[in-house]
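Have a look at the structure below before the remarks.
Quick note: numbers below take in every heavy atom, side chains included, and nothing from hydrogens, waters or symmetry partners.
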Protein chains: 2
Amino acid sequence: MKASIGDVALKAGVSNATVSRTFAHPEQVSEATRIKVQAAADALNFSISRSAGILKSGRTYRVALLIGSHAIEWFTAEIIAGLNDVLRDAGYDLVIYPIEGAEARDAFFEELPVRNNADAVFVSSFGISPDEVKRLGTAKIPIVGVNTTSEGFDATVGIDDKEGIKLIVRHLAKLGHRNLLYLYESFSSTLGFSSYNRITGFQEACGTIDGMNARTLAVQKNDNIIDAAISEMMAQDNPPTALCFHQDSQAIPLFFRLQRSGLSIPLDISVTGFDDSAFAEEAQLTTVRQRPHDMAVAAARKALDLIEGRPVSKPFETFPVQLQVRGSTAKPRTTPLL
Amino acid sequence: MKASIGDVALKAGVSNATVSRTFAHPEQVSEATRIKVQAAADALNFSISRSAGILKSGRTYRVALLIGSHAIEWFTAEIIAGLNDVLRDAGYDLVIYPIEGAEARDAFFEELPVRNNADAVFVSSFGISPDEVKRLGTAKIPIVGVNTTSEGFDATVGIDDKEGIKLIVRHLAKLGHRNLLYLYESFSSTLGFSSYNRITGFQEACGTIDGMNARTLAVQKNDNIIDAAISEMMAQDNPPTALCFHQDSQAIPLFFRLQRSGLSIPLDISVTGFDDSAFAEEAQLTTVRQRPHDMAVAAARKALDLIEGRPVSKPFETFPVQLQVRGSTAKPRTTPLL
DNA sequence: ATGAAAGCGCTAACAT
DNA sequence: ATGTTAGCGCTTTCAT
């Protein structure tokens, strides 16, 4: 059977408290006793159970991460890795709650399973409503947002999406582009805060450039964004000279179509992404770099500060974005596509 | 302050036991009482704390996942998502332990933090040694392997890597290829079981084909596998007619180099991957499909069976692989590359 | 159907 | 430096 602290105490001929101290505060125990206890513990294959201490302390040593999808893609994977690295070391378990679809959503905010069962909640790129944030607030634990608004959150980390997309627009404008097309996948659910800002930021940034002609195109989820892009390129009137994709992963497949479509990047068309995620560098994709891993590390530290009641130095932190200029952008073509 | 079961009992004018029953076994409580208790609980924003029940039950309701790296890439992300989907619903928390480097490894297997603190352990694509498995076994909880050997595990899920790579080899052989090059990244640490089988499986499969000339090339981690591939292609003597990459993500960047290198897929060279992961389909990469999400779901179910003492129907399950024939493979070139 | 009470394994006063 | 003891919040017998 599993050995408990009492078994070890018995075997070592000391009290439960001494065994407990040997593990929690070894410096309070004499060398000789410590060795005796360690030996007994090893012989019984004993290790301290966290569950009991958790009950005693009133902390759950669990931290929840709310994500909007069951699938874990680049951004979420980076967030999970970053949070986990910090939280593991601090003795906290990261528990992932994927909340997809209206029913799951209602159920979650109705039951609020994190109440009494987590010491903090992270909300990552989740189009959460003010009502939901308020409801989450009744759990009385710190709420930390990742690429969310700051309304109702105790702390947030994120990038300035508008600033990021503005870097793209200005880069293209400086190269001479005056005809841009922005492409993104439209989801059935509400657009996340970050996505929304990126799209409206694009329009705003274009509005400040003289003679800029900019359009946005929402491609339905089960439609192919690359086919949509190529169709726009083949339009007879005034096809764009640059394609701005909402995120790198949507732009990458275009590079596989070059030969078959007869298009050339950047001679016929300039292409940009957003994220600087997998393969962006190899594809020479001009993009905006964000570092979700760094954001997650900072978010985890803020959460720990809030949990332990320490002051949080920068509760609402904006992380830098950086333009990565690569080979997929150049001056616009001077002759018509056809 | 946080309401506990006693507060609710007081407010509802019933005993603690009745409140507990209202949540755990509502059918044992009269309608009237149930409503009274629910009302009191709602008013106090109360929800049952899992920590106390956990202590009482002896279960931790935590399940550990051991992975070999802090970074979470395609395969691991799929595994996490699949495990979490099943375990969440069953009330278990999935806790991720990244174990990277020799020191972290020694520390983990020395301290064995999962002992007494998890109800099961998953080991995913982790080059774990027999000694380490044995040591893990002293924790007396089920050990489930994902793409590992079956030695010492209570259950495993995985694919037959040898079978998978054999499909690739035979496909290329049938097309007429007799000069293959296998490329993989060599890591400092021990090669995982799955990777090892894939590489040796390649050699074995080639050995059964008449006149097959096959080589393998280990590219150092911080060297560029695509540069290595192109260099081999440019060799004067007998360059390969097909490149077999260890995994899709290593093959993908080659598609971005086509124009600059003057190479054409599949006219000059056939290319294969392994995994059928992100962008494989868009790149028209011939590959072998594996479904880590499905494997994870099965692994989670087996773990639950083991935890609850139910018989496990198929403790050691091999999942199917399927060849995905796409445009990156064709008959070998008939004229020299140069 | 409901209540009283013991106890899960540990920690932290407090006492020695 | 070590032992004694109460109690964290809940579940579950056993009574009623």
>> Reading DNA chain C in the 5' to 3' direction, which nucleotide is the first one with an atom under 4.0 Å from a heavy atom of chain A, and which is the last?
In response: C:dG9 to C:dA13
>> Between A:R88 (side chain only) and B:P98 (backbone N and O only), is there a donor and an acceptor less than 3.5 Å apart?
In response: no
>> Using a 6.0 Å cut-off, check whether atom CD of B:E308 has over 12 heavy atoms from anything other than its own residue.
In response: yes
> Does some side-chain heavy atom of A:V297 sit less than 4.5 Å from a side-chain heavy atom of A:H293?
Replying inline: yes
> Taking five pairs at each end, how big is the angle between the two axes of the helix from C:dA1-D:dT16 to C:dT16-D:dA1, to 10°?
Replying inline: 30°
> DNA chain D: A:R34 or B:A17, which has the more 5' nearest nucleotide?
Replying inline: A:R34
> Between residues 21-30 of chain A and DNA chain D, which residues have a heavy-atom gap below 4.0 Å?
Replying inline: A:R21, A:Q28, A:V29, A:S30
> For A:S124 and A:F75, what are the C-alpha separation, side-chain angles and deciding distance, and is it a side-chain contact (heavy atoms from CB on, under 4.5 Å)?
Replying inline: CA-CA 9 Å; A:S124 172; A:F75 187 87; 3.8 Å; yes
>> Going by side chain to side chain contact (heavy atoms under 4.5 Å, CB included), name the residues that satisfy it together with B:T76, two or more places apart in sequence or in a different chain.
In response: B:I67, B:I72, B:I80
>> If you define the side chain from C-beta out and look only at heavy atoms, does anything of B:L304 sit under 4.5 Å from B:Y92?
In response: yes
>> Could you check whether atom CZ of A:F316 has more than 12 heavy atoms from other residues, nucleotides or ligands sitting under 6.0 Å from it?
In response: yes
> So does B:R291 have more than 12 non-hydrogen atoms from other groups sitting under 6.0 Å from CZ?
Replying inline: no
Dump the pairs, protein N or O against N or O of nucleotides 6-9 of chain D, anything under 3.5 Å, distances to one decimal.
unit_1	atom_1	unit_2	atom_2	d
D:dG7	N2	A:K56	NZ	3.3
D:dG9	N2	B:A52	O	3.4

>> Please determine whether the number of non-hydrogen atoms from other residues, nucleotides or ligands lying under 6.0 Å from atom CD of A:E317 exceeds 12.
In response: yes
>> Quick one, B:W74 and B:P292 - any side-chain contact, counting heavy atoms below 4.5 Å?
In response: yes
Distance-only criterion, 3.5 Å: show the donor-acceptor pairs between side-chain atoms of residues 19-31 of chain A and protein atoms not counting sequence neighbours.
unit_1	atom_1	unit_2	atom_2	d
A:T22	OG1	A:T18	O	2.6
A:S30	OG	A:T33	N	3.3
A:S30	OG	A:T33	OG1	2.7

> Taking everything shown except B:E100 itself, do over 12 heavy atoms lie less than 6.0 Å from its CD?
Replying inline: yes
